[in-house]
K.L.:
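Here it is: the structure, laid out below.
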Amino acid sequence: MSEPNIITIEPGKRSGKPCIRGMRITVYDVLSYLAAGMTYEELLEDFPYLTKQDILACLNYAAEREQQTLIVPK
């Protein structure tokens, strides 16, 4: 489970999307950079305020959300 203080949701920030430690970078931002082929090291270099723990918390958050996905038959 991710650290509770790493992934934060604030209604007035980034339209209430899950962010990292109250900053304006979202879980989606991090995941999309990784999906585009950026490495952890490149992310940490481009965004020096992020930590490896932040990136892992994003991945964990996405995995937990995926596990909660409900398939509704047509």
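Computed over heavy atoms, backbone and side chain alike; hydrogens, waters and symmetry mates excluded. Every value quoted in this text rests on a predicted model; they were computed, and no experiment measured them.
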K.L.:
Taking all atoms of both residues into account, what is the closest heavy-atom pair of Ile7 and Pro18, and its distance?
P.N.:
CG2-CB, 3.8 Å
K.L.:
Applying a strict under-4.5 Å side-chain criterion to I, L, V, M, F, W and Y, I'd like to know whether Leu34 and Tyr28 cluster together.
P.N.:
no
K.L.:
Between atom CD of Glu45 and atom OG1 of Thr39, what is the distance when rounded to the nearest 0.5 Å?
P.N.:
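Nearest 0.5 Å value for the CD-OG1 distance: 8.5 Å.
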K.L.:
Drop me the distance from Ile25's CD1 to Lys17's NZ, to the nearest 0.5 angstrom.
P.N.:
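Here the interatomic distance stands at 12.5 Å.
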K.L.:
So if you build clusters from Ile, Leu, Val, Met, Phe, Trp, Tyr with side-chain heavy-atom gaps below 4.5 Å, do Leu50 and Leu59 land together?
P.N.:
yes
K.L.:
Within this structure, what is the CZ-CD1 distance for the pair Phe47 and Ile55, rounded to the nearest 0.5 Å?
P.N.:
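Those atoms lie 10.0 Å apart.
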K.L.:
Look only at the side chain of Asp29 and the backbone of Thr26, and say whether a donor-acceptor pair between them is shorter than 3.5 Å.
P.N.:
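It does hold such a pair.
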K.L.:
State the CG-OG1 distance between Leu44 and Thr51, to the nearest 0.5 angstrom.
P.N.:
7.5 Å
K.L.:
Evaluate the criterion side chain to side chain contact (heavy atoms under 4.5 Å, CB included) for residue pair Val27 and Arg65; output intermediate values, then yes/no.
P.N.:
CA-CA 12 Å; Val27 170; Arg65 294 268 318 244; over 6 Å; no
K.L.:
Once rounded to the nearest 0.5 Å, what's the spacing between atom CZ of Arg24 and atom CD of Glu10?
P.N.:
9.5 Å
K.L.:
Under a 3.5 Å distance rule, please check whether Lys52 uses its side chain to pair with a backbone N or O of Tyr40 as donor and acceptor.
P.N.:
no
K.L.:
Of the non-hydrogen atoms in Leu31 and Ala62, which two are nearest, and what is the gap between them?
P.N.:
CD1-CB, 3.7 Å
K.L.:
So, taking the atom named CG in Asn60 and the one named CD1 in Ile6, what distance separates them when rounded to the nearest 0.5 Å?
P.N.:
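Atom-to-atom, Asn60:CG and Ile6:CD1 are 9.5 Å apart.
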K.L.:
Is it true that atom CD of Glu42 has more than 12 heavy atoms of other residues, nucleotides or ligands lying nearer than 6.0 Å?
P.N.:
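Yes, the 6.0 Å shell around CD holds more than 12 heavy atoms from other groups.
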